[in-house]
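Naming convention: chains lettered A, B, ... in sequence-line order (proteins, then strands); numbering from 1 in each chain.
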Amino acid sequence: MALRILIVDDSLSIRQVVKKVMGQAGLDPNQCVEACDGREALDRLERDRFDLIVADLNMPRMDGLQMIRHIRETPATRAVPVIVLSAEGNDDTIRLAMEAGANGYVLKPFTPEVLASQIRPLGLTAEADTKTETDDTDPSDPQVF
Amino acid sequence: MDLDLPKLLIDSVAEVFEVMSFLDVNCLPPATQSREFRGLGLAASVALAGDISGVLAVHCTEDFACDCAKAMASVEGSPSPAQIADTMGELLNMIAGSLKRRVSSRAGLFEISLPSVLVSRGHSILYRGGKERFPRLLIPFSIDNSVRFYVELLHHKR
């Protein structure tokens with residue numbers, strides 16, 4: 001079954017860039033679904049299965065922190081990895097995101113390589129179960145770039 | 001601690017344009033402007049609140065904004081007006097975030113509003129409080145020796 005990615009950002013431009021990076025990271029950009037804010041993302045998650053969420057923090061209606069907490073409290077979505085992609089980079093904000101349940105944190109502006117490097121250790125390539133023996137990174141280890 | 005805000009802002013602008021739009025920008029000498037600044041066609045702005053408060057804005061032509069949108073999305077076709085506005089708002093959001101990171105270790109924290117974008121030829125922006133309360137810093141940026149956009153900062157340190 002194809003891996004499905006939910007991209008949550010109020011910026012159309014960022015959603016497009018992230019979609020492109022997903023392709024570069026070996027995932028299928030056609031399996032990316034976009035949401036403009038946390039509320040829309042939760043609506044999508046109620047209706048669909050996703051394998052990865054890439055989310056901004058500062059968004060209208062519902063911000064990223066609220067959204068991550070809700071995802072972690074919901075049995076059906078509790079295990080879905082969430083990578084935060086935000087221009088907010090102070091220590092308190094990063095700590096709050098990690099405590100809420102984020103699996104990684106990428107600062108904007110970002111290069112495709114940095115975002116892809118956060119996704120690869122999650123083992124979500126198109127041949128999903130191809131995690132190599134040399135890749136000893138624990139997907140549950142939060143990383144900040 | 002003495003805060004070289006113009007330098008931190010210039011570094012933030014250069015970082016964001018280089019990483020996200022692949023554009024090598026150079027700044028020209030900043031000026032503290034007291035006169036009204038006549039808009040170039042597109043203005044993106046965010047409000048800052050906290051230890052530093054005020055307004056941060058980018059002013060450019062719609063053509064330059066279109067170039068940025070194409071570069072950021074790596075597309076050849078014409079981006080929509082909504083995408084052009086969105087790109088400049090997001091670039092400014094990243095500039096503000098980068099500035100916040102650089103400032104926070106030196107002068108405390110501030111919060112950043114969601115960006116707003118105005119597209120209108122010949123507009124001018126007047127800020128409540130005026131220049132007495134918010135000194136105005138206007139920094140021109142060039143690409144290939146041609147001025148392409150301005151970054152404006154009106155700020156007040158607590």
Side-chain angles (χ1 to χ4, degrees), chain A residues 7-25 29 32 34-40 54-66 84-97 105-117 144-145, chain B residues 11-23 25 44 46-47 50-51 56 65-66 68-75 77 79-117:
Chain A
I7 303 169
V8 192
D9 199 306
D10 54 331
S11 166
L12 167 66
S13 313
I14 292 294
R15 295 198 304 271
Q16 288 182 333
V17 172
V18 172
K19 210 168 170 176
K20 205 169 60 184
V21 174
M22 292 300 121
Q24 293 169 355
C32 293
E34 301 177 26
C36 296
D37 55 54
R39 174 73 55 205
E40 188 183 349
V54 179
D56 190 11
L57 288 184
N58 288 342
M59 295 180 286
R61 293 211 299 169
M62 179 187 280
D63 66 30
L65 281 178
Q66 288 177 282
V84 170
L85 183 59
S86 174
E88 286 280 351
N90 69 72
D91 292 346
D92 285 347
T93 306
I94 294 171
R95 182 180 49 77
L96 283 172
Y105 199 110
V106 176
L107 290 174
K108 296 176 183 174
F110 64 99
T111 61
E113 292 76 22
V114 167
L115 180 55
S117 73
V144 179
F145 284 81
Chain B
D11 290 347
S12 299
V13 172
E15 179 196 15
V16 169
F17 273 88
E18 186 183 326
V19 174
M20 297 307 297
S21 297
F22 316 106
L23 296 171
V25 301
V46 291
D51 294 323
L56 180 64
C66 183
C68 289
K70 283 199 266 190
M72 193 158 143
S74 300
V75 294
S80 67
Q83 190 172 358
I84 292 169
D86 175 84
T87 297
M88 295 315 293
E90 187 56 29
L91 287 172
L92 177 64
N93 180 49
M94 286 186 266
I95 291 168
S98 177
L99 180 67
K100 180 177 175 176
R101 289 196 292 277
R102 292 166 199 269
V103 165
S104 62
S105 60
R106 298 170 172 87
L109 281 175
F110 58 84
E111 298 302 321
I112 305 163
S113 73
L114 292 171
S116 57
V117 180

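- Legend: residues meeting salt bridge (charged side-chain N to carboxylate O under 4.0 Å, His left out) with Glu111(B), ordered by chain and number and at least two apart, are Lys100(B).
- In this structure, chain A has no heavy atom under 4.5 Å from any part of Ile95(B).
- Taking every heavy atom of both residues into account, Glu88(A) and Ile112(B) meet most closely at OE2-CD1, 4.3 Å.
- Using a 4.5 Å cut-off between heavy atoms, Pro112(A) makes no contact with chain B at all.
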List the steps and the verdict of side-chain contact (heavy atoms from CB on, under 4.5 Å) for Met72(B) and Ile14(A).
-> CA-CA 9 Å; Met72(B) 193 158 143; Ile14(A) 292 294; 3.8 Å; yes
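- With a 6.0 Å radius and a threshold of 12 heavy atoms from other residues, nucleotides or ligands, Arg39(A) has its CZ atom at or below the threshold.
- Pro109(A) approaches Met20(B) most closely through the heavy-atom pair CB-CG, 3.6 Å.
- Proximity to chain B (any heavy atom under 4.5 Å) is shown, for Asp10(A), by both the backbone and the side chain.
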Please output the side-chain donor-acceptor pairs of residues 85-94 of chain B that fall under 3.5 Å, not counting sequence neighbours, one pair per line with the distance.
unit_1	atom_1	unit_2	atom_2	d
Asp86(B)	OD1	Leu12(A)	N	3.2
Asp86(B)	OD2	Ser11(A)	OG	2.8
Asp86(B)	OD2	Leu12(A)	N	3.1
Asp86(B)	OD2	Ser13(A)	N	2.8
Asp86(B)	OD2	Ser13(A)	OG	2.6
Thr87(B)	OG1	Ser13(A)	OG	2.8
Thr87(B)	OG1	Gln83(B)	O	2.8
Glu90(B)	OE2	Lys108(A)	NZ	3.0

